[in-house]
Amino acid sequence: MLRTLGAALAAVLALTGLAASADAGRSPATTAMTPATAATPTPTPTYACPPALPVTGQVTGATTTSITITYWMVLSPPCGYDPPLLISLFASREDATAWRDPVAEAVTGPERSGKVTLGGLTPGTEYWFRFGDTKGTRDPYVIGGPARTLSLCSATATIDSRWDGGFVATVTVRNDGAEPVPGWLVSWRWSGDEHIRSVWGGVVEGAGQDVAVRNASWNGTLAPGGSATFGLLVAAGTTPAAITPVCGR
């Protein structure tokens with residue numbers, strides 16, 4: 001009886017050893033695998049641009065035919081620009097707002113800050129500037145100006161006599177440059193109810209509060225250092241303390 005039980009136990013142990021050997025020799029392909037848990041994706045952060053202008057600039061120089069603009073590229077993409085910049089010049093603020101009919105354009109260098117000079121302009125004239133890049137992106141924020149080229153001439157006014165209801169004034173136009181002035185235009189703005197009754201030595205072009213007087217046919221050309229005058233008879237309830245004309249063309 002004991003021999004029979006020992007034989008049965010030996011057989012069981014032998015079978016167990018064979019099974020273990022079979023599992024050990026089994027290839028990885030036949031081994032049962034526990035499915036892996038999928039990794040949770042990391043969300044991409046949203047970049048928030050700071051509350052700052054990406055580019056700005058100001059007029060730092062002018063001649064009779066050019067304007068120099070100094071610029072700073074404050075921010076880089078995606079909130080700003082990379083050089084070079086395209087600077088556009090317009091004849092009015094309305095044209096600048098609509099990006100319409102630029103009168104001059106210039107491309108900056110590779111620097112993030114620097115100066116650009118736009119030439120071929122009209123003396124004594126106001127301009128407005130805007131920024132963009134050479135890829136066609138237009139800055140929606142900055143409309144700079146007015147930037148004024150220097151005049152070839154200057155003008156001063158003297159009130160010669162006054163009375164209740166009006167006055168007489170003389171305006172002197174001078175050529176301050178080194179080249180002859182082929183023609184001049186003097187303008188100013190009335191402060192009250194002034195109204196020109198007559199003018200001699202010039203031709204009135206403006207009306208209302210904004211006044212402009214251009215040269216007559218015989219006194220438009222001014223040599224360097226030369227001058228011309230014109231006179232005004234003005235009706236006014238109150239005579240102004242002074243007239244501040246600006247000479248241009």
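For the numbers below, each heavy atom of this structure counts, side chains included, while hydrogens, waters and symmetry mates do not. Residues: numbered from 1 along the sequence shown.
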Colleague: I need the Thr108 OG1 to Tyr71 OH distance, nearest 0.5 Å.
Modeller: 4.0 Å

Colleague: Mind checking what makes salt bridge (charged side-chain N to carboxylate O under 4.0 Å, His left out) contact with Asp176, not counting sequence neighbours?
Modeller: none

Colleague: Backbone N or O of Trp184 within a donor-acceptor pair of the Arg214 side chain at under 3.5 Å?
Modeller: no

Colleague: Apply side chain to side chain contact (heavy atoms under 4.5 Å, CB included) to the pair Arg174 and Cys247, showing each step before the final yes or no.
Modeller: CA-CA 9 Å; Arg174 293 182 177 84; Cys247 184; over 6 Å; no

Colleague: I'd like to check Ile143 versus Phe90 (side-chain heavy atoms, cut-off strictly below 4.5 Å). Are they in contact?
Modeller: no

Colleague: Are His195 and Asp193 side-chain neighbours, meaning at least one heavy-atom pair lies under 4.5 Å?
Modeller: no

Colleague: Considering all heavy atoms of both residues, which atom of Pro110 and which atom of Pro83 are nearest to each other, and what is their separation?
Modeller: O-CG, 3.1 Å

Colleague: Between Asp133 and Arg138 (salt bridge meaning N to carboxylate O under 4.0 Å), is one present in this structure?
Modeller: no

Colleague: Tell me if a side-chain donor or acceptor on Ser66 pairs with a main-chain N or O of Thr117 at a distance below 3.5 Å.
Modeller: no

Colleague: Flag yes if Val199 and Trp188 sit in one hydrophobic cluster, no otherwise; membership is Ile, Leu, Val, Met, Phe, Trp, Tyr, and two members link when side-chain heavy atoms are under 4.5 Å apart.
Modeller: yes

Colleague: For Arg100, does the CZ atom have more than 12 heavy-atom neighbours from other residues, nucleotides or ligands under 6.0 Å away?
Modeller: yes

Colleague: Provide the closest heavy-atom pair for Pro84 versus Val107 in the form atom of the first, atom of the second, distance.
Modeller: CB-CG1, 3.6 Å

Colleague: Give the minimum heavy-atom separation between Arg130 and Val142, together with the two atoms involved.
Modeller: NE-O, 3.3 Å

Colleague: I'd like to know whether Val171 forms a side chain to side chain contact (heavy atoms under 4.5 Å, CB included) with Val213, so could you lay out the CA-CA distance, the side-chain angles of the two residues, the decisive distance to 0.1 Å, and finally the verdict.
Modeller: CA-CA 10 Å; Val171 179; Val213 178; over 6 Å; no

Colleague: Would you call Glu111 and Met73 a side-chain contact if the rule is heavy atoms closer than 4.5 Å?
Modeller: no

Colleague: Indicate, with yes or no, if Ile159 and Val246 share a hydrophobic cluster defined by side-chain heavy-atom contacts under 4.5 Å among Ile, Leu, Val, Met, Phe, Trp and Tyr.
Modeller: no

Colleague: Indicate if Ile69 and Val103 have the same hydrophobic cluster label, given that clusters are the connected sets of ILVMFWY residues with side-chain heavy-atom separations under 4.5 angstrom.
Modeller: yes

Colleague: In this structure, would Val59 and Leu150 fall into the same cluster of hydrophobic residues linked by side-chain contacts under 4.5 Å?
Modeller: no

Colleague: Taking only distance into account, with no hydrogens and no angle test, what donor-acceptor pairs under 3.5 Å do side-chain atoms of residues 222-243 form with protein atoms, sequence neighbours excluded?
Modeller:
none

Colleague: Would one find more than 12 heavy atoms of other residues, nucleotides or ligands at under 6.0 Å from atom CG of Asp164?
Modeller: no

Colleague: Considering the options Tyr141, Phe131, Trp72, which one meets the side-chain contact (heavy atoms from CB on, under 4.5 Å) requirement together with Pro54?
Modeller: Tyr141

Colleague: Give the intermediate values and the outcome of side chain to side chain donor-acceptor pair (under 3.5 Å) for residues Thr149 and Thr64.
Modeller: CA-CA 5 Å; Thr149 52; Thr64 55; over 6 Å; no

Colleague: A side-chain contact here means heavy atoms from C-beta on lying under 4.5 Å apart; do Leu89 and Leu121 qualify?
Modeller: yes

Colleague: Identify the two heavy atoms, one from Ala212 and one from Leu185, that lie closest to each other, and give their separation to 0.1 Å.
Modeller: CB-CD1, 4.1 Å

Colleague: Does Ser187 reach the side chain of Glu205, with side-chain heavy atoms less than 4.5 Å apart?
Modeller: no

Colleague: Write down the atom of Asn215, the atom of Gly183, and the distance for their closest heavy-atom approach.
Modeller: OD1-CA, 3.6 Å

Colleague: Yes or no on side chain to side chain contact (heavy atoms under 4.5 Å, CB included) for Leu86 and Tyr81, after CA distance, side-chain angles and deciding distance?
Modeller: CA-CA 11 Å; Leu86 177 66; Tyr81 310 99; over 6 Å; no

Colleague: Measure the shortest side-chain to side-chain distance between Trp128 and Asp95 over non-hydrogen atoms and say whether it is less than 4.5 angstrom.
Modeller: no

Colleague: Output yes when a side-chain donor or acceptor of Thr63 lies under 3.5 Å from a complementary backbone atom of Thr65, and no otherwise.
Modeller: yes

Colleague: For Gln209, I'd like to know if atom CD has over 12 heavy atoms of other residues, nucleotides or ligands within 6.0 Å.
Modeller: yes

Colleague: Check the pair Val74 / Leu53 against side chain to side chain contact (heavy atoms under 4.5 Å, CB included), numbers first and verdict last.
Modeller: CA-CA 7 Å; Val74 182; Leu53 291 177; 5.6 Å; no

Colleague: For the side chain of Tyr127 and the backbone of Thr122, is there at least one donor-acceptor N/O pair under 3.5 Å apart?
Modeller: yes

Colleague: Which atoms form the tightest heavy-atom contact between Ser88 and Glu105, and what is the distance?
Modeller: OG-OE2, 2.7 Å

Colleague: Do the side chain of Arg189 and the main chain of Thr244 share a donor and acceptor less than 3.5 angstrom apart?
Modeller: no

Colleague: A side-chain contact here means heavy atoms from C-beta on lying under 4.5 Å apart; do Asp160 and Thr158 qualify?
Modeller: yes

